[in-house]
Engineer: 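Take a look at this one; I'll ask things after.
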Amino acid sequence: MRLSSMLFVTLREEPAEAEIVSHKLLLRAGYIRRIGSGIYCYLPLMWRVLQKISQIVREEMNAAGAEECLLPQLQPADLWQESGRWDTYTKAEGIMFSLQDRQNRLMALGPTHEEVITTIARELIKSYRQLPVNLYQIQTKFRDEIRPRFGLLRAREFIMKDGYSFHTSWECLQNTYARMEQAYRNIFTRCGLSFKVVEADSGAIGGAASQEFMVLANAGEDEILYTDDGVYAANVEKAVSLPPSPASSPFHFYQKKETPDCETIAKVCDFLNCSDTIVVKNVLYQALYDSGKMVLVLVSIRGDQEVNEVKLANQLSQLASQYDAKSLLSLKVADEISQSQWAAKPLPLGYIAPDLPDDYIAASDRVVGKFLRMADQTVVELKDFVTGANESGYHVVGANWGKEFTLPPIIADLRKARAGDRAVHNPQQTLKSARGIEVGHIFQLGTKYSTAMEATYTAEDGSEKPFIMGCYGIGVSRLAQAAVEQSHDSDGIIWPVAIAPYHVIIVIPNVTDAEQLKVAEDIYNRLNEAGIETLLDDRDERAGVKFKDADLIGIPYRLVTGRALKEGKVELVERATKHSQLIPIEDVVETLHQKINANSYK
RNA sequence: CGGGAUGUAGCGCAGUUUGGUAGCGCGCUUCGUUCGGGACGAAGAGGCCGUGGGUUCAAGUCCCACCAUUCCGACCA
């Protein structure tokens, strides 16, 4: 392609709208353009990058036995009502764009496609003989993100590869899951990314495995905890660890103490001169279920630890049926404002004990009249601990489970693991923290959707069974920006060869020089014939402008038809290293062929 | 959803305090010189100053409402 005939616009100054370097570079280099919050145009260069990535994804998915298809973006609400996700997605999370058609039918723009694919499977797959099946698509998704940011990293309209598999057994699912994991590793490796595979939260579905593929970058929104031995890596939402051992308590008998202005753990420890590891902290949450019931949850956890709300939400989801519900809609800390919805009398905030009496709740049809009491494992072993006295201004010390307090009925891991904690698999290892951009996620779904939507097949023994499902996603547009975040310098983008929009850019320093022009045109034609994707900068610009632009847009190899022409040579510059060499004109095609092949991972 | 900030030419910004006919740099057009790392000179084009209302002889500037964009947060007792 000739630059002179392309829509090619680069910006000299950093756009004010962008915060992180990859976003700034994509805007400056003319790859993307914002059209609304979280809504981007993929300009021609960007589209080529996205096509390259899509093609790699396609090749690896096909090689792993998946079939490509294309599902609708516009989806009828009743599919989502069937799966039970309409309310969660339009109200609770509010992440789904919904609309009404002219007949007032409710519709949604697809944020994901489990409902559609499950419907297809239900209609088309009747027998175990047809299984397993693995389908995928590459397509635009819509999500009304709470806060779109960082350009394509969190956009409201974005391109995703999503795949879904259907099986008769967990063994078969695990088999496909493992093949998908390998396909994903191949994809990200071929895209030239440095990534980590981490254990991820499997959500409220329970039991099922789930892994995320993280591109390591400080701008990433996810925190990863890992060990240096390479054995363990997990998203902080999911991570487990061994907490530090508690200190021994200085309080050997039970006593109520006046502790004025000690409504935080730090203050009470300071006041009592004790370690926060011997305090039982009691955090009050209010959980709302889709049955309309509100449940007050009192979580007891060691004073130095924090509640992992993802783990807590998973526990609460499993209890949904106790409250006539299918799912948990929202979970938040009960603060002074939200108490007004349910409190019978003012709570002793900051001084709550594990046995906070139920009569603080004004029970009603909507509000469950008993606290749901849970404890993190960290408090179970505590002896002679400190906790609130259910009275403002007072704590108790030297308390013990089984004496002054009853251990809550539900004991679970509700604690947030942190960097510095010891690893579960080997206490010699400590967890380290890194940030990552989630570019892929694979998931053993099980029968959640097939059961909810009554998607069944006839098994070998003649019985009807729900499909066992897996799902597999890659953020294609996010991946493209993640690659830039990981690979750039002060001059601009450095695309990995495999996903660069073009392999080579030929810069003609002076287009009025007939020889330069002729040699450049000649090389351009020969490269194209050889299948090497080439840009020809034949614009009537000064050399400096062309060099700056070439660096900015990040084409891996630059040929300059300049001074060395006298010796029958052109200059070849590698974008990543700035390494420059002179090569004979007749060797150009061969040399580039070798370099480009050496850089591809096929 | 809460809080903050910002909306002025394609991009980056000044002008708003103290109301008085719209500015700068880059980019764009034309001409000349220059020509291997974002050249120089000259001449131009380009703006319902986010939208709507109000105050005033007069509003980019003051007041009210709305919209949009963006940042922080949505978190612990």
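A, B, ... follow the sequence lines: proteins, then strands. Residue 1 opens every chain. Basis for what follows: all heavy atoms, side chains included, without hydrogens, waters or symmetry-related copies.
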Engineer: Could you measure between the two C1' atoms, the one in B/C64 and the one in B/U55, and give it in whole Å?
Structural biologist: 11 Å
Engineer: For the pair A/K256 and A/E391, find out whether any cationic side-chain nitrogen is under 4.0 Å from an anionic carboxylate oxygen.
Structural biologist: yes
Engineer: Is there a side-chain polar atom (N or O) of A/R563 under 4.0 Å from OP1 or OP2 of B/G36?
Structural biologist: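 For B/G36, OP1/OP2 do not have a side-chain N/O of A/R563 under 4.0 Å.
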Engineer: With C1' as the reference atom in both, quote the distance from B/G46 to B/U8 in angstrom, rounded to an integer.
Structural biologist: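 14 Å, rounded to whole Å.
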Engineer: If you check every side-chain atom of A/R12, which of B/G36, B/G27, B/A77 has the closest atom?
Structural biologist: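 Closest nucleotide among those given: B/G27.
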Engineer: Starting from P on B/A77, measure out to CZ on A/R302 and report it in whole angstrom.
Structural biologist: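 Rounding to the nearest Å, CZ of A/R302 and P of B/A77 are 16 Å apart.
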Engineer: With both distances under 3.5 angstrom, what nucleotide forms a Watson-Crick or G-U wobble pair with B/C49?
Structural biologist: none
Engineer: Please report the distance separating the C1' of B/G12 from the corresponding atom of B/G53, rounded so that it comes out in whole Å.
Structural biologist: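 Between the two C1' atoms, the distance is 32 Å.
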Engineer: Between B/U56 and B/U51, how far is it from one P atom to the other, in whole Å?
Structural biologist: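 Each nucleotide's P atom is 23 Å from the other's.
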Engineer: Does the structure show a Watson-Crick or G-U wobble partner for B/U18, both distances under 3.5 Å? Name it, or say none.
Structural biologist: none
Engineer: May I ask you to decide if the ring planes of A/Y351 and A/H395 are parallel, tilted or perpendicular, using 30° and 60° as cut-offs?
Structural biologist: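 Ring orientation, 0 to 90° scale: tilted.
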Engineer: Is there a donor-acceptor contact under 3.5 Å from the side chain of A/R478 to the main chain of A/L153?
Structural biologist: yes
Engineer: Rounding to the closest angstrom, what is the interatomic distance between B/C31 and B/C67 at atom C1'?
Structural biologist: 45 Å
Engineer: Is A/R542 near enough to B/A39 that one of its side-chain N or O atoms lies under 4.0 angstrom from OP1 or OP2?
Structural biologist: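 Indeed, a polar side-chain atom of A/R542 lies that close.
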Engineer: Using a 4.0 Å heavy-atom cut-off across all strands, classify A/G544 as base, sugar-phosphate, or nothing.
Structural biologist: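 Contact class for A/G544: sugar-phosphate only.
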Engineer: What does A/L347 touch in the nucleic acid at a heavy-atom separation under 4.0 angstrom: a base, only the sugar-phosphate, or nothing?
Structural biologist: nothing
Engineer: With both distances kept under 3.5 Å, what pairs with B/G23, Watson-Crick or G-U wobble?
Structural biologist: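 Per the H-bond distance test, B/C13.
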Engineer: Could you identify the nucleotide paired to B/A42, looking across every strand shown and requiring Watson-Crick or G-U wobble geometry with both distances under 3.5 Å?
Structural biologist: B/U30
Engineer: For A/D549, which contact category applies under a 4.0 Å heavy-atom criterion: base, sugar-phosphate, or nothing?
Structural biologist: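 Touches a base.
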Engineer: Rounded to whole angstroms, how far apart are CZ on A/R415 and P on B/C75?
Structural biologist: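 Whole-Å distance recorded here is 21 Å.
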Engineer: Taking the side chain of A/K548 as heavy atoms from C-beta outward, which of B/A77, B/G38, B/G12 is closest to it?
Structural biologist: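 When the side chain of A/K548 is considered, B/G38 is the closest of B/A77, B/G38, B/G12.
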Engineer: Could you give the CD-to-P distance, from A/E17 to B/G12, as a whole number of Å?
Structural biologist: 7 Å
Engineer: So which nucleotide from B/C11, B/A77, B/G37 ends up closest to the side chain of A/R558?
Structural biologist: B/G37
Engineer: If you measure from the P atom in B/G3 to the same atom in B/G60, how many Å do you get, rounded?
Structural biologist: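 Rounded to whole Å, the distance is 30 Å.
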Engineer: Is there a donor on the side chain of A/D551 or the base of B/G37 sitting less than 3.5 Å from an acceptor on the other?
Structural biologist: yes
Engineer: Whole Å only: how far is the CD atom of A/E14 from the C1' atom of B/G25?
Structural biologist: 16 Å
Engineer: Parallel, tilted or perpendicular, judged at 30° and 60°: which one describes the rings of A/F385 and A/W401?
Structural biologist: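 Rings of A/F385 and A/W401: tilted, 30 to 60°.
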Engineer: B/U70, OP1 or OP2 - any side-chain N/O from A/S37 closer than 4.0 Å?
Structural biologist: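 Looking at the OP1 and OP2 atoms of B/U70, one of them is under 4.0 Å from a side-chain N or O of A/S37.
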Engineer: Roughly how far apart, to the nearest Å, are B/A39 and B/G23 at atom C1'?
Structural biologist: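 Here B/A39 and B/G23 have their C1' atoms 25 Å from each other.
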Engineer: Tell me which of A/A16 and A/E571 sits closer to the 5' end of RNA chain B, going by the nucleotide each one is nearest to.
Structural biologist: A/A16
Engineer: Does A/P148 or A/V573 map to a spot on RNA chain B nearer the 5' end, using the closest nucleotide for each?
Structural biologist: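 Nearer the 5' end of the strand: A/V573.
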Engineer: How many whole angstroms separate atom CD1 of A/I39 from atom P of B/A68?
Structural biologist: 11 Å
Engineer: May I have the distance from A/I265 (atom CD1) to B/C76 (atom P), rounded to whole angstrom?
Structural biologist: 12 Å
Engineer: What is the separation between atom CZ on A/R149 and atom C1' on B/U70, rounded to the nearest whole Å?
Structural biologist: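 Those two atoms, CZ and C1', are 11 Å apart.
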Engineer: Which value, in whole Å, describes the distance between the P atoms of nucleotides B/G41 and B/C62?
Structural biologist: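 Between the two P atoms, the distance is 37 Å.
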Engineer: How close or far is atom C1' of B/G25 from atom CD of A/E13, stated in whole angstroms?
Structural biologist: 7 Å
Engineer: Is it the case that more than 12 heavy atoms not belonging to A/K403 sit under 6.0 Å from its NZ atom?
Structural biologist: no
Engineer: Under 3.5 Å, is there a donor-acceptor pair linking the side chains of A/D421 and A/S241?
Structural biologist: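 Indeed, the side chains of A/D421 and A/S241 share at least one donor-acceptor pair under 3.5 Å.
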Engineer: Is A/R28 close enough to B/G27 that one of its side-chain N or O atoms is under 4.0 Å from OP1 or OP2 there?
Structural biologist: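 Checking B/G27 against A/R28, no side-chain N or O comes under 4.0 Å of OP1 or OP2.
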Engineer: For a quick check of understanding: with a heavy-atom distance under 4.0 Å over all strands, which category does A/E309 fall into, base, sugar-phosphate or nothing?
Structural biologist: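 A/E309: base contact, heavy atoms under 4.0 Å.
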Engineer: Under the 3.5 angstrom rule, does the side chain of A/E574 hit a backbone N or O of A/H579 as a donor-acceptor pair?
Structural biologist: no
Engineer: Which is true for A/V560 with a 4.0 Å heavy-atom rule: it touches a base, it touches only sugar-phosphate, or it touches nothing?
Structural biologist: base
Engineer: Would you say A/D359 has more than 12 foreign heavy atoms packed within less than 6.0 Å of its CG?
Structural biologist: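 Yes, CG of A/D359 has more than 12 neighbouring heavy atoms, counting only those of other groups under 6.0 Å.
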Engineer: Does B/C76 pair with anything, Watson-Crick or G-U wobble, both distances under 3.5 Å, and if so, with which nucleotide?
Structural biologist: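 None - no nucleotide pairs with B/C76, as no candidate has both distances under 3.5 Å.
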Engineer: So which nucleotide does B/C62 pair with, by the Watson-Crick or G-U wobble rule with both distances under 3.5 Å?
Structural biologist: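 Pairing partner, where one exists within any strand: B/G54.
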